[in-house]
Amino acid sequence: MTATIIDGNALSASIRENIRAKVGLLQQAGKRPPGLAIILVGTDEASHVYVRGKRRDCAQVGFKLDARYPDASITQDDLLAMISELNEDQSIDGILVQLPLPDHIDNLAIIEAIHPDKDVDGFHPYNVGRLVLRHPGLRPCTPMGVMRLIRHTGVKIRGMDATVIGVSNHVGRPMGLELLLAGCTVAATHKFTSNTQKHVEGADIVVSAVGIPGLIKGEWIKPGAIVIDVGLTRGKNGKLHGDVEFESASKRAGWITPVPGGVGPMTRVSMLENTLYAMETFHSK
Ligand code: GUN
């Protein structure tokens with residue numbers, strides 16, 4: 001068997017085009033565009049790369065962007081005041097505080113300060129709670145993008161066995177909740193799991209979000225499985241690697257995402273979708 005590649009670049013481009021068209025309609029109707037505020041504290045290089053990508057995405061679809069770059073020495077109170085101002089701003093539908101934050105800032109206090117209706121990352125405990133309670137509002141972007149990729153295969157996943165490798169707050173845990181909501185039987189493996197292989201071998205759907213290149217061996221994959229690789233690690237030669245051994249896994253899987261060009265672009269477009277959703281659902285009066 002040779003797996004079908006699930007092309008996140010192509011799928012995200014079609015979703016982005018739909019968003020661009022909707023923004024065009026808003027403009028024709030004399031309405032304001034969706035507005036996204038991004039706060040990037042300090043000089044972390046990877047964060048600046050991510051935020052440049054998000055800025056480009058916003059420009060492409062016609063969103064208003066308010067990007068702020070406070071110095072790494074900003075106090076928590078000043079950052080909270082900035083968020084409070086953006087919470088009140090009627091032209092802003094989404095607020096994204098790029099993580100990681102400097103050590104002197106309490107991440108949870110910052111996430112909790114963002115109004116849940118503007119929490120386009122889906123990280124606020126209110127939005128996580130809604131997902132737990134099966135009434136999702138704004139959803140974490142990577143799991144949301146992964147569900148789109150899985151649905152794009154056309155496979156009916158209700159009742160399937162899914163294994164998520166990695167249990168981070170922003171990817172692994174909400175990923176498990178999304179799959180549970182979709183009717184899968186979900187296993188979540190982590191650094192204390194004694195036998196990850198066993199859980200992968202039995203899975204119809206494998207989502208790996210760890211950041212260890214080659215952790216998931218090709219021969220572990222159940223024939224015909226859907227394999228989604230969220231891992232993204234830059235090797236010494238500058239090349240990007242996923243968690244899954246792609247060559248061998250793609251000989252057994254039914255569907256597999258490439259790295260790069262699989263999950264990454266879907267995470268980015270989910271942020272745009274969330275911003276438009278926030279405007280339409282909460283801020284269009
Ligand atoms: N840092 C890396 N990825 C993300 C993300 O999706 N959202 C935020 N806020 N910070 C990040």
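Both counts, for ligands and for their atoms, begin at 1 and track the order of listing.
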Test ring pair (Phe, Tyr, Trp, His ring centres under 6.0 Å) applied to H241 - qualifying residues, sequence neighbours left out: none
Run the side-chain donor-acceptor check on residues 21-41: report pairs under 3.5 Å with partners two or more places apart or on a different chain.
from, atom 1, to, atom 2, distance (Å)
R32, NE, Q90, O, 3.4
R32, NH1, D93, OD2, 2.8
R32, NH2, Q90, O, 3.4
R32, NH2, D93, OD1, 2.8
R32, NH2, H283, O, 3.3

Pairs meeting criterion ring pair (Phe, Tyr, Trp, His ring centres under 6.0 Å) with involvement of residues 21-66, two or more places apart: H48-Y69
Atom CG of N195: over 12 foreign heavy atoms under 6.0 Å: yes
Heavy-atom neighbours of R16 CZ exceed 12 at 6.0 Å: yes
Mutual orientation of the aromatic rings belonging to F123 and H170 [parallel < 30°, tilted 30-60°, perpendicular > 60°]: parallel
Amino acids in close contact with ligand 1, where any non-hydrogen atom sits under 4.0 angstrom away: L96, V97, Q98, L99, D121, F123
